[in-house]
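What you are looking at is a predicted structure, and each value in this text was computed from that prediction instead of being measured.
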Amino acid sequence: MPKNDTVKRLGDEVCSDYLGFTPTSNSTKPPHIANGLFREVSGEVCDFRDVHEWIVSERKKDAITSEKIIEKYKDVLWEGENEDPSNIKQVRFLLDDIFNPDHTVYPSYDFSAANISSHWLVKGSVSAEDKIGRFIFEILAKKIDGKRSPAIDLIQNALSEDIDDLTKIIKPIIVFPSEDAKRDIRGVDYPAEEDIKWDACKATIREGFNNLAENMILTGDSKNSLLILERMVNFSCFSAFYYLVNVNAVQHGGTPSPILIDAGEDVESIKKASEHCYSFAKTAVEDYYIASIDAILHKEVLHDSKKECMAWIKQMVFANDSREKEITAALNSYFESFCDDGDTAIHALAHALQIILYTFDYKNNSPSEFCRVLGVRDGLIGPRGNRAKVKRYLVNSFTLETITYSILSKEDIEDGIELKDFSRKATDAYNILLGADVDSEYTILENANIAQSTPGDLRGDMALNAQRIADLYISLGMAHRYADGVTMIGG
């Protein structure tokens with residue numbers, strides 16, 4: 001499709017000039033985001049085609065056979081060219097299980113991204129990264145009080161560690177025949193301070209990364225390079241989700257998206273309220289696109305009038321005649337309808353264009369559906385699987401730990417913090433609702449018109465939900481409960 005196609009241009013401009021990444025792919029998974037972020041942080045790319053050949057199952061089309069593996073890599077095998085192919089098949093199955101858990105390694109190396117255990121598995125850009133890695137890196141790279149985020153040093157040190165249990169398995173393949181030929185050290189490309197766009201959401205994400213890094217050092221988790229990388233990727237996915245669903249509130253004055261965590265006790269009112277929160281988040285993304293297109297149109301349409309908007313529609317450019325015919329008919333219909341509803345002309349046109357963009361260009365991969373792509377794969381949203389059509393905030397234990405460490409301060413971990421006070425911090429940071437501070441959290445749900453549409457005793461059930469989350473924290477070893485029933489996190 002030509003770049004000057006007007007509808008496509010608007011979509012691209014919202015992503016590049018307003019949002020900062022491209023939430024329009026169903027293929028994006030944590031390894032893609034990891035590859036983008038780690039490439040930026042390390043300033044290095046490596047060629048792991050040799051490892052790729054071993055990871056790809058020979059059952060896949062165009063994959064190399066185990067017999068060919070023996071012939072090609074006999075110098076790194078114990079038995080050389082006499083190695084049993086069945087042994088090679090077992091090793092390849094193991095490598096696939098370790099380095100391809102998200103099924104992001106394909107027969108084509110160019111489209112593949114592996115589960116990264118060290119800098120040796122960081123490669124050049126793949127399309128499914130959606131520029132999220134660079135987006136996160138710029139947040140970490142911005143100097144605040146003269147300092148970049150400590151997360152950068154932590155990630156760099158973890159990537160440089162190549163004697164971890166996973167990298168050691170593939171190191172013989174990596175260094176054959178020469179490891180130097182497989183490294184391209186380019187240096188870290190830190191953005192100029194004046195080029196980093198900043199807002200309250202990004203400031204919140206930055207503080208979260210700082211807390212996460214500092215708490216991993218405090219708890220001793222920083223000694224585990226693999227855990228560092230896993231935590232940082234996990235929080236990167238959450239951060240992209242958080243920004244996507246809340247940027248409209250920051251940039252255009254919309255209502256922040258509440259995130260009601262369901263403890264998983266099958267309480268109907270909590271389930272429904274959490275489902276409504278997730279639906280609210282997807283609608284917030286639609287509203288962001290409308291508001292951003294509105295801002296673009298205010299630069300291109302001379303006056304906020306129906307006449308000028310109609311003139312703008314007439315000068316639109318399309319990739320082909322059939323696309324022009326389909327889009328203009330639908331666009332004019334939507335535009336007229338929104339004008340009749342009382343919208344200003346430019347806002348009516350922006351709303352109409354958002355629907356056109358979602359219908360024609362993002363038919364199977366809209367930015368709103370990207371909430372599911374990020375949320376489910378990051379362990380924030382569930383139930384997993386395509387059969388569960390209705391999703392809610394059903395966080396897994398690892399993601400809950402990661403988010404918690406991004407909220408807690410050093411003092412919180414050392415001295416302890418009551419669950420109710422922690423719940424307030426979670427709400428202040430990410431608008432996360434646990435149910436521990438019922439009155440204020442219920443008000444947030446009312447302001448989002450969620451409490452009113454939720455059946456049952458939501459207020460009473462929120463307190464029950466908080467108790468179950470407290471039990472989860474205790475089972476994870478992150479909290480303890482005193483005899484008086486007070487739950488303390490940390491301490």
Side-chain angles (χ1 to χ4, degrees), residues 238 241-242 245-246 255-282 284 371-372 375-376 378-384 388 390-408 412 416-482 484-490:
F238 170 77
F241 175 89
Y242 166 76
V245 304
N246 280 289
T255 302
S257 297
I259 300 176
L260 175 60
I261 302 295
D262 182 355
E265 289 297 307
D266 204 29
V267 178
E268 191 65 21
S269 64
I270 297 295
K271 285 175 62 176
K272 292 299 181 184
S274 188
E275 289 168 2
H276 291 326
C277 285
Y278 174 58
S279 297
F280 185 96
K282 294 199 294 182
C371 294
R372 175 190 56 78
V376 171
D378 189 45
L380 177 68
I381 290 168
R384 296 179 67 90
V390 182
K391 306 290 187 183
R392 63 188 188 277
Y393 293 107
L394 201 61
V395 65
N396 68 29
S397 57
F398 186 82
T399 301
L400 180 63
E401 287 178 326
T402 301
I403 295 172
T404 301
Y405 280 129
S406 78
I407 296 170
L408 294 172
D412 293 333
I417 180 173
E418 287 191 28
L419 181 65
K420 186 173 184 179
D421 292 330
F422 170 74
S423 187
R424 289 169 179 158
K425 294 188 73 167
T427 301
D428 291 341
Y430 310 123
N431 217 24
I432 286 177
L433 312 178
L434 304 178
D437 189 10
V438 175
D439 290 339
S440 63
E441 294 179 25
Y442 190 84
T443 299
I444 290 172
L445 293 175
E446 282 185 320
N447 292 338
N449 201 33
I450 291 172
Q452 299 91 317
S453 56
T454 301
D457 180 18
L458 177 60
R459 187 188 292 272
D461 290 338
M462 288 176 71
L464 176 62
N465 192 66
Q467 292 176 18
R468 296 297 175 263
I469 290 177
D471 293 340
L472 178 57
Y473 276 123
I474 292 170
S475 69
L476 292 172
M478 298 186 71
H480 51 276
R481 181 176 290 132
Y482 290 106
D484 59 2
V486 173
T487 300
M488 293 286 290
I489 296 177

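Within the 3.5 Å criterion, the main-chain N or O of Ile270 finds no donor-acceptor partner in the side chain of Ser274. The backbone N or O of Leu419 sits nowhere less than 3.5 Å from a side-chain atom of Ser423 that would complete a donor-acceptor pair. Remark: side-chain polar atoms of Asn465 are paired, donor with acceptor, to backbone N or O of Ala263 under 3.5 angstrom. For the pair Asp378 (side chain) and Leu380 (backbone), a donor-acceptor distance under 3.5 Å is absent.
Note: Leu434 CG to Arg468 CZ = 14.5 Å, rounded to the nearest 0.5 Å. To the nearest 0.5 Å, atoms CZ (Phe422) and OG1 (Thr404) are separated by 4.0 Å. Atom CG of Asp412 is separated from atom NZ of Lys425 by 3.5 Å, given to the nearest 0.5 angstrom. From Ile469, atom CD1 reaches atom CG of Leu433 across 9.5 Å, with rounding to the nearest 0.5 Å. Rounded to the nearest 0.5 angstrom, His276 NE2 and Leu260 CG are separated by 11.0 Å. Of the inter-residue distances, the one linking Ile381 atom CD1 with Cys371 atom SG reads 6.5 Å to the nearest 0.5 angstrom.
Salt-bridge check for Arg424 with Asp421: passed, with a basic side-chain N closer than 4.0 Å to an acidic carboxylate O.
At least one side-chain heavy atom of Ser475 sits under 4.5 Å from a side-chain heavy atom of Leu472. Put simply, the side chain of Thr487 does not reach to within 4.5 Å of the side chain of Tyr473, judged on heavy atoms. Put simply, the side chain of Glu418 reaches to within 4.5 Å of the side chain of Met488, judged on heavy atoms. Within the 4.5 Å cutoff, side-chain heavy atoms of Ser406 are placed close to those of Tyr430. You'll find the side chain of Thr427 stays beyond 4.5 Å of the side chain of Ser440, heavy atoms only. In this structure the side chain of Met478 never reaches within 4.5 angstrom of the side chain of Leu400, judged on heavy atoms. A 4.5 Å side-chain heavy-atom check between Asp439 and Arg459 finds at least one atom pair inside the cut-off.
Considering every non-hydrogen atom in both Ile261 and Ile432, the closest pair reads CG1-CG2, 3.8 Å. Across all non-hydrogen atoms, the minimal contact from Ala284 to Ser257 is CB-OG, 3.6 Å. Scanning both residues, Tyr242 and Ala429, for their nearest heavy atoms gives OH-O, 3.3 Å. Taking each heavy atom of Lys391 and Arg384 in turn, the nearest pair found is NZ-C, 3.9 Å. Between Ile450 and Pro258 the shortest heavy-atom distance is CD1-CG, 3.8 Å. Heavy atoms only, all atoms of each residue included: Ala281 and Tyr393 are closest at CB-OH, 3.5 Å.
Judged as a side-chain contact (heavy atoms from CB on, under 4.5 Å), and not counting sequence neighbours, the contacts of Thr443 are Glu446, Asn447.
Residue pairs meeting the salt bridge (charged side-chain N to carboxylate O under 4.0 Å, His left out) criterion with at least one member in residues 395-404, sequence neighbours excluded: Arg231-Glu401. Residues in residues 260-270 take part in these side-chain hydrogen bond (donor to acceptor under 3.5 Å, both in side chains) pairs, two or more places apart or across chains: Asp262-Arg392, Asp266-Lys271, Ser269-Asp461.
A 6.0 Å sphere centred on NZ of Lys282 holds more than 12 heavy atoms belonging to other residues, nucleotides or ligands.
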Could you walk me through whether Ser279 and Val390 pass the side-chain contact (heavy atoms from CB on, under 4.5 Å) test, one step at a time?
CA-CA 9 Å; Ser279 297; Val390 182; over 6 Å; no
